[in-house]
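So the structure is just underneath, and the comments pick up after that.
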Amino acid sequence: MTEKEFDCLMAIRRNEEIADGQSAKACLAAGLIEQDGDGAYKVTPKGMEALAPYKVDNAIIMAAGRSRRCMPLSNYLPKGLFEIKGDTMVERQIKQLHDAGVRQIILVVGYLKEKYYELKKKYKDLIIIDNTEWEEKNNISSLYAAKDYLKNSYVCCSDNWFAHNVYRDYVYDSYYAAKFSDEFINEDCVKAFDKNGYMREVKRGGEKSWYIIGESFWRKDFSDKFKELMVKEYYDPEMKYMLWDHFYAKHIDVLNMKIRKTDDKECKEFDTTEEIIEFNPSFKEFVNQFFQEEEFVNNTQRIQYLSNYTDVKQYSVVGTEQTTGRMHVNENLFGASPKALEVFHNATMEDLCLYDLTREDELAVEISKELDIPTEKIFIHSGSSDVIKTIMTLVLNKDDVVLISTPAWNYYKSVIELHFAKAAYYDVVPGKTSYVFDTKE
């Protein structure tokens with residue numbers, strides 16, 4: 001069956017307009033469809049038999065990860081159970097799959113897995129698989145845990161959110177959903193197609209590119225080949241940190257997958273709570289309600305710090321044309337090193353947008369030698385603001401109190417409140433020989 005003939009049969013099943021008249025004639029001649037007395041088409045038993053190889057068997061939803069970028073909320077609740085517009089992200093997908101006629105759903109869990117077990121009471125046919133390697137490996141381990149279910153399968157992530165139901169009960173070929181971006185985007189972008197429309201090169205980063213996002217569908221022949229390669233290479237060292245998307249890209253020459261191009265602005269894949277709040281501001285209410293209902297009680301005695309400081313002196317950036325005395329904005333006033341300029345002039349696009357994962361960071365290695373600290377315990381970043389944000393993401397929980405001196409950089413308060421903690425201020429006051437911290441209150 002050609003793809004146009006398949007589309008014709010599916011349009012008739014959904015009572016939609018047939019896009020290609022020639023395909024309708026071919027289906028009619030082959031006995032796949034017939035017309036009633038009013039001239040309306042309907043799919044014949046022979047047509048349904050021809051559709052059978054394209055029937056979706058199941059959907060696999062990966063929900064094992066820890067979602068560190070969503071802390072502190074993800075310390076207590078896995079991201080797939082975040083509620084957006086009335087449904088948790090996982091339940092929304094389950095309902096959409098059921099509405100599309102896909103009944104067998106496999107949910108692969110790991111971090112806070114017990115939270116997902118409650119779904120079994122609500123969805124009796126839901127299959128939950130425990131990925132025991134979720135802490136050691138990336139999401140390729142979730143597909144390895146569910147490999148026996150890979151057939152004609154949707155493969156999805158628990159942080160996908162679709163305003164419109166993207167799922168179908170019959171699908172012609174393997175595909176990955178994608179959206180177009182005019183501006184540079186740091187996502188997996190499709191760089192090349194073959195004459196049949198299959199992706200032949202996918203690389204990180206690009207502009208004026210289609211980038212893959214959302215659901216994917218694997219036809220059985222694709223699933224079988226992917227599974228064969230995955231089982232063969234699963235214990236190779238490089239597999240430890242590999243996303244399934246990147247394993248696919250590694251074998252893209254033998255794994256045939258097309259793109260389902262979409263312009264749906266409400267096809268979302270959320271990485272952080274900030275992204276969710278930007279899309280749905282009422283998500284703040286869900287977070288607040290969650291923390292109120294759960295018992296997060298710290299029984300240890302806390303020092304009461306001043307948390308309603310109203311007269312806080314803070315430094316901020318103001319517009320200026322001055323070209324001297326600018327040390328307060330942390331600039332390099334001497335220009336770039338000639339050696340650095342030489343490196344940039346000779347850099348390729350891949351040098352600028354891709355990490356070299358074949359070797360350790362040279363700066364980390366030198367720091368390690370100097371301070372006798374393992375390189376994996378050295379964190380290097382391009383600026384202090386992201387270092388501060390990362391540290392606070394790792395250590396802060398709801399209602400924690402953070403002491404900040406005043407005058408202060410207002411960035412501290414914004415990051416603290418972003419993580420549902422509280423800022424408390426103390427003065428820096430003149431002492432006998434220097435300034436001192438006044439933390440008596």
Side-chain angles (χ1 to χ4, degrees), residues 68-73 75 272-274 288 291 296-341 360-441:
R68 292 182 185 274
R69 285 180 287 180
C70 289
M71 294 193 293
L73 180 58
N75 286 338
T272 65
T273 51
E274 297 98 306
N288 291 333
F291 280 119
F296 299 112
V297 180
N298 186 351
N299 292 321
T300 59
Q301 185 176 3
R302 287 188 175 191
I303 301 174
Q304 297 300 312
Y305 297 115
L306 183 62
S307 60
N308 58 347
Y309 210 103
T310 56
D311 185 24
V312 178
K313 308 180 208 58
Q314 302 199 20
Y315 295 124
S316 60
V317 177
V318 295
T320 177
E321 294 182 0
Q322 89 183 61
T323 55
T324 60
R326 295 166 58 96
M327 292 300 289
H328 67 294
V329 290
N330 197 29
E331 293 176 332
N332 172 8
L333 303 181
F334 305 100
S337 157
K339 289 185 177 181
L341 288 174
E360 290 188 287
D361 186 287
E362 293 175 2
L363 178 57
V365 171
E366 292 304 313
I367 294 173
S368 174
K369 291 177 182 177
E370 182 70 22
L371 301 178
D372 194 25
I373 299 173
T375 55
E376 61 266 22
K377 293 186 178 181
I378 298 172
F379 177 60
I380 299 172
H381 213 288
S382 56
S384 61
S385 58
D386 276 350
V387 173
I388 292 165
K389 187 173 182 180
T390 299
I391 291 171
M392 290 189 177
T393 297
L394 291 171
V395 303
L396 287 185
N397 287 307
K398 168 80 164 52
D399 289 337
D400 281 350
V401 178
V402 180
L403 279 176
I404 305 175
S405 63
T406 177
W409 184 21
N410 54 11
Y411 181 74
Y412 293 125
K413 184 173 184 288
S414 64
V415 176
I416 290 164
E417 292 181 345
L418 182 66
H419 292 85
F420 310 102
K422 298 174 182 178
Y425 294 92
Y426 60 88
D427 281 319
V428 178
V429 297
K432 291 182 179 180
T433 58
S434 66
Y435 282 87
V436 296
F437 300 141
D438 182 9
T439 59
K440 292 177 182 178
E441 294 191 73

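Computed from a predicted structure; not experimentally measured. All residue numbers in this chain count up from 1 along the given sequence.
Here the side chains of L394 and M71 are in contact, with some heavy-atom distance below 4.5 Å. When side chains are defined from C-beta on, F420 does not count as touching D399, because their heavy atoms never get closer than 4.5 Å. Looking at heavy atoms from C-beta onward, T393 lies out of side-chain contact with R69 at the 4.5 angstrom threshold. With a 4.5 Å cut-off on side-chain heavy atoms, V402 and Y412 do not count as touching.
Look at E274 and K389 and you find a salt bridge, because one of the NZ, NE, NH1 or NH2 atoms lies within 4.0 Å of a carboxylate O, short of that distance.
Nearest heavy atom pair, residue I373 against residue I378, reads O-CD1, 4.0 Å. The two residues D427 and V429 make their nearest non-hydrogen contact at CB-CG1, 3.7 Å. When all heavy atoms of I404 and A423 are compared, the pair lying nearest together is CD1-CB, 3.8 Å. Considering every non-hydrogen atom in both N75 and L396, the closest pair reads ND2-O, 4.3 Å.
Rounded to the nearest 0.5 angstrom, I416 CD1 and K422 NZ are separated by 12.5 Å. For the atom pair T273 OG1 and L73 CG, the distance stands at 7.0 Å (nearest 0.5 Å).
In this structure, S368 contributes its side chain and A364 its backbone to no donor-acceptor pair below 3.5 Å. Side-chain atoms of S405 never come within 3.5 Å of backbone atoms of V428 as a donor-acceptor pair (strictly under, hydrogens ignored).
Pairs of residues two or more places apart, or lying in two chains, that qualify as ring pair (Phe, Tyr, Trp, His ring centres under 6.0 Å) and include a residue from residues 366-408 are F379-H381.
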